[in-house]
Amino acid sequence: MWCCRLSHLHGRLQNLLSRGVTCSAFQQPNFKSLFPLAIRWHHTASKSLNCAWQQHEDHFELQYANTVMRFDYVWLRDHCRSASCYNSKTHQRSLDTASVDLCIKPKTIRLDETTLFFTWPDGHVTKYDLDWLVKNSYEGQKQKVIQPRILWNAEIYQQAQVPSVDFQSFLETNDGLKNFLQNFLLYGIAFVENVPPTQEHTEKLAERISLIRETIYGRMWYFTSDFSRGDTAYTKLALDRHTDTAYFQEPCGYNNYDRAVINTVPYDVVHRWYTAHRTLTVELRRPENEFWVKLKPGRVLFIDNWRVLHGRESFTGYRQLCGCYLTRDDVSNTARLLGLQA
Ligand SMILES: C[N+](C)(C)CCCC[C@H](N)C(=O)O
Ligand SMILES: O=C(O)CCC(=O)C(=O)O
Ligand SMILES: [Fe+2]
């Protein structure tokens, strides 16, 4: 049974609701006693709004913008954006969540145009804009467009003809940086061309995107096959596909070369691990999943270690590489500041 408000009665009924009276288009003397609380729906009749809500025993249900949302009452109190509950300058919660009664229920709920008002037992009023609730609800979040990721192999990537970004444009224009980051987020790799082949310019490029992560290899690393460090990266040997720093607590990503002794699980789990590792390695080593690119002076390659592994063939002659590790949070932050979904 629905008690619906007709638009021409909106104002009067609104007034009734604000006093906590459950309204009905036609107030019957024994109307309330006929139906338990849980089936009382509230409607707005205006076509544009098309909103319906219901106060259940343990949650609030809202139908709006083609979405059915359900909110826990503690959640509704906890996310209050009133001046006493939320610092709008710093976007931080002032309310002590632990002080909210876990059995809290609103005394009254009323909708005024596009704003819902919840009055709590202590008299505190929390108001929510309907669109804010859609955007921040579990159900609304599920509909959110997430940053697309394009899964690719060598053929798909080659056919995509992803344009590289030029150093000048990358450094001096937001469009250049945004195009680069869009490609990086889509594919997990992206190139910048015509970079002056110096450590300083490479550093400048990296700092345009993010903080540079200092590690045991330094801030900017500049290496060649001089075995200056006890690691095969500092040799002419081939390196199968991998990601670096798997041995860090905050690694760039996993790497078979540097994997420590497996001694934290019993033999039968170890065998299952090797079976899974073999399946992954076979997949990673499929030729169609290998994309070979010749690094040349002036070409900078950025790699998302969670999506793309890197390696090299063995080589002869003199070869010098410089680079650095970037922090994922800062790269994502730069992308978001440019309006990208990261
Ligand atoms: C030379 N450079 C600093 C880039 C890498 C050194 C990484 C060495 C180690 N094998 C690992 O994969 O973490
Ligand atoms: O020499 C290269 O191209 C890559 C070396 C490497 O993977 C590393 O240093 O971690
Ligand atoms: Fe590496």
Side-chain angles (χ1 to χ4, degrees), residues 152-154 157-158 162 164 167 184 187-264 273-274 277 280-281 283-287 289-331:
W152 52 274
N153 58 22
Y157 188 76
Q158 257 136 6
V162 182
S164 302
F167 176 66
F184 184 66
Y187 292 95
I189 62 170
F191 294 87
V192 181
E193 300 289 358
N194 308 317
V195 181
T198 69
Q199 180 168 325
E200 293 68 31
H201 284 94
T202 311
E203 185 172 5
K204 216 169 156 190
L205 198 72
E207 286 176 332
R208 176 86 167 115
I209 298 183
S210 140
L211 297 172
I212 293 175
R213 182 178 172 187
E214 182 102 31
T215 69
I216 53 175
Y217 301 106
R219 190 167 179 279
M220 289 296 294
W221 18 262
Y222 201 79
F223 70 103
T224 183
S225 51
D226 59 2
F227 209 53
S228 56
R229 281 180 180 266
D231 188 284
T232 46
Y234 298 76
T235 70
K236 290 184 166 60
L237 295 171
L239 294 177
D240 188 29
R241 62 228 71 199
H242 67 278
T243 55
D244 293 1
T245 69
Y247 37 87
F248 284 0
Q249 289 303 309
E250 294 163 60
C252 292
Y254 52 85
N255 169 342
N256 206 45
Y257 290 107
D258 302 289
R259 178 164 44 78
V261 171
I262 302 178
N263 55 17
T264 53
W273 184 88
Y274 277 112
H277 180 273
L280 175 64
T281 304
E283 207 49 45
L284 289 174
R285 287 186 179 166
R286 284 189 197 292
N289 290 333
E290 285 186 357
F291 173 64
W292 284 91
V293 60
K294 188 160 181 51
L295 288 178
K296 60 177 186 176
R299 167 175 288 173
V300 177
L301 165 59
F302 287 75
I303 301 173
D304 178 342
N305 275 299
W306 285 3
R307 290 193 56 192
V308 180
L309 290 85
H310 63 276
R312 73 180 183 212
E313 256 309 338
S314 58
F315 60 91
T316 56
Y318 183 71
R319 181 174 180 266
Q320 205 167 39
L321 216 64
C322 89
C324 58
Y325 295 122
L326 300 180
T327 52
R328 181 175 298 275
D329 284 331
D330 296 292
V331 174

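For ligands, and for the atoms within them, numbers begin at 1 and follow the listed sequence.
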Asks: Please confirm whether W221 comes under 4.0 Å of ligand 2, counting heavy atoms of the residue only.
Replies: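 Distance cut 4.0 Å: W221 fails for ligand 2.
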Asks: Which atom pair, heavy atoms only, marks the closest approach of Q199 to C322?
Replies: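 Heavy atoms of Q199 and C322 come nearest at CA-SG, 4.0 Å.
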Asks: Taking atom types as modelled, is there a side-chain donor on D329 or T327 under 3.5 Å from an acceptor on the other?
Replies: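 The criterion, which ignores hydrogens and geometry beyond distance, is not satisfied for T327 and D329.
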Asks: Treating R307 as the side-chain partner and I189 as the backbone partner, does any N or O pair qualify as donor plus acceptor under 3.5 Å?
Replies: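 The answer is no, because no donor-acceptor pair under 3.5 Å joins these two groups.
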Asks: Can you tell me which N/O/S atom of H242 has the shortest distance to the Fe ion (ligand 3)?
Replies: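 Relative to the Fe ion (ligand 3), the closest nitrogen, oxygen or sulfur of H242 carries the name NE2.
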Asks: Taking 4.0 angstrom as the limit and counting only heavy atoms of L321, give me the atoms of ligand 2 inside it, by number and element.
Replies: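 By the 4.0 Å cutoff, the relevant atoms are 1 (O), 2 (C), 3 (O).
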Asks: Going by the atom numbers of ligand 1, which of them fall below 4.0 Å from some non-hydrogen atom of W221?
Replies: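 Taking each heavy atom of W221 in turn, ligand 1 has 3 (C), 4 (C) under 4.0 Å.
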Asks: Looking at T224 and D226, would you say the former's side chain and the latter's main chain have a donor-acceptor pair under 3.5 Å?
Replies: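 Absent.
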Asks: Treating R219 as the side-chain partner and E203 as the backbone partner, does any N or O pair qualify as donor plus acceptor under 3.5 Å?
Replies: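 No; zero donor-acceptor contacts below 3.5 Å.
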Asks: What are the two closest non-hydrogen atoms of I303 and V308, and how far apart are they?
Replies: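 I303 and V308 have their closest heavy atoms at CG2-O, 3.4 Å.
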Asks: Is a donor from one side chain sitting under 3.5 angstrom from an acceptor on the other, for H242 and D244?
Replies: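 There is such a pair between these side chains.
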Asks: If we only count N/O pairs under 3.5 Å, is H242 in contact with ligand 1?
Replies: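 In fact, backbone or side chain, H242 has no N or O that close.
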Asks: Of all the atoms in ligand 1, which lie at a distance below 4.0 Å from a heavy atom belonging to Y234?
Replies: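 It comes down to these atoms of ligand 1: 1 (C), 3 (C).
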Asks: Name whichever N, O or S atom of H310 ends up nearest to the Fe ion (ligand 3).
Replies: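 Of all N, O or S atoms belonging to H310, NE2 is the one nearest the Fe ion (ligand 3).
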Asks: Which residue and atom name correspond to the protein heavy atom nearest atom 3 (O) of ligand 2, and how close is it?
Replies: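 Checked against all protein heavy atoms, atom 3 (O) of ligand 2 sits closest to R319 NH2, 2.7 Å.
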Asks: Which bit of D231 gets closer than 4.0 Å to ligand 1, counting heavy atoms only: side chain, backbone, both or neither?
Replies: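 Side chain only; the backbone of D231 stays clear of ligand 1.
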Asks: Using atom types as modelled and distance alone, determine if a side-chain donor or acceptor of S225 lies under 3.5 Å from a backbone N or O of Y234.
Replies: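 Here the side-chain-to-backbone pair does not exist.
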Asks: Suppose I only count heavy atoms of H310 and a 4.0 Å limit; which atoms of ligand 2 are within that range?
Replies: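 In order of number, 6 (C), 7 (O), 10 (O).
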Asks: With heavy-atom distances below 4.0 Å as the criterion, list the atoms of ligand 2 near A233.
Replies: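 Near A233, meaning under 4.0 Å from one of its heavy atoms, ligand 2 has 8 (C), 9 (O).
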Asks: Please tell me if the side chains of F302 and L205 come closer than 4.5 Å, counting only heavy atoms from C-beta onward.
Replies: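 Counting from C-beta outward, F302 and L205 do come under 4.5 Å.
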Asks: Ring-plane angle category for Y157 and W152, please: parallel below 30°, perpendicular beyond 60°, tilted otherwise.
Replies: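 Ring orientation, 0 to 90° scale: tilted.
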Asks: Applying a 4.0 Å heavy-atom criterion (strictly less than), which segment of L295 is in contact with ligand 2: side chain, backbone, both, or neither?
Replies: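 It is neither part, as no heavy atom is under 4.0 Å.
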Asks: Can you name the N/O/S atom of D244 that is nearest the Fe ion (ligand 3)?
Replies: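 Among the N, O or S atoms of D244, the one closest to the Fe ion (ligand 3) is OD1.
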Asks: Atom 6 (C) of ligand 2: which protein heavy atom is closest, and how many Å away?
Replies: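 Atom 6 (C) of ligand 2 sits closest to the protein heavy atom L239 CD1, 3.7 Å.
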Asks: Which part of Y325 is near ligand 1, with near meaning a heavy atom under 4.0 Å away: side chain, backbone, both or neither?
Replies: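 Side chain only.
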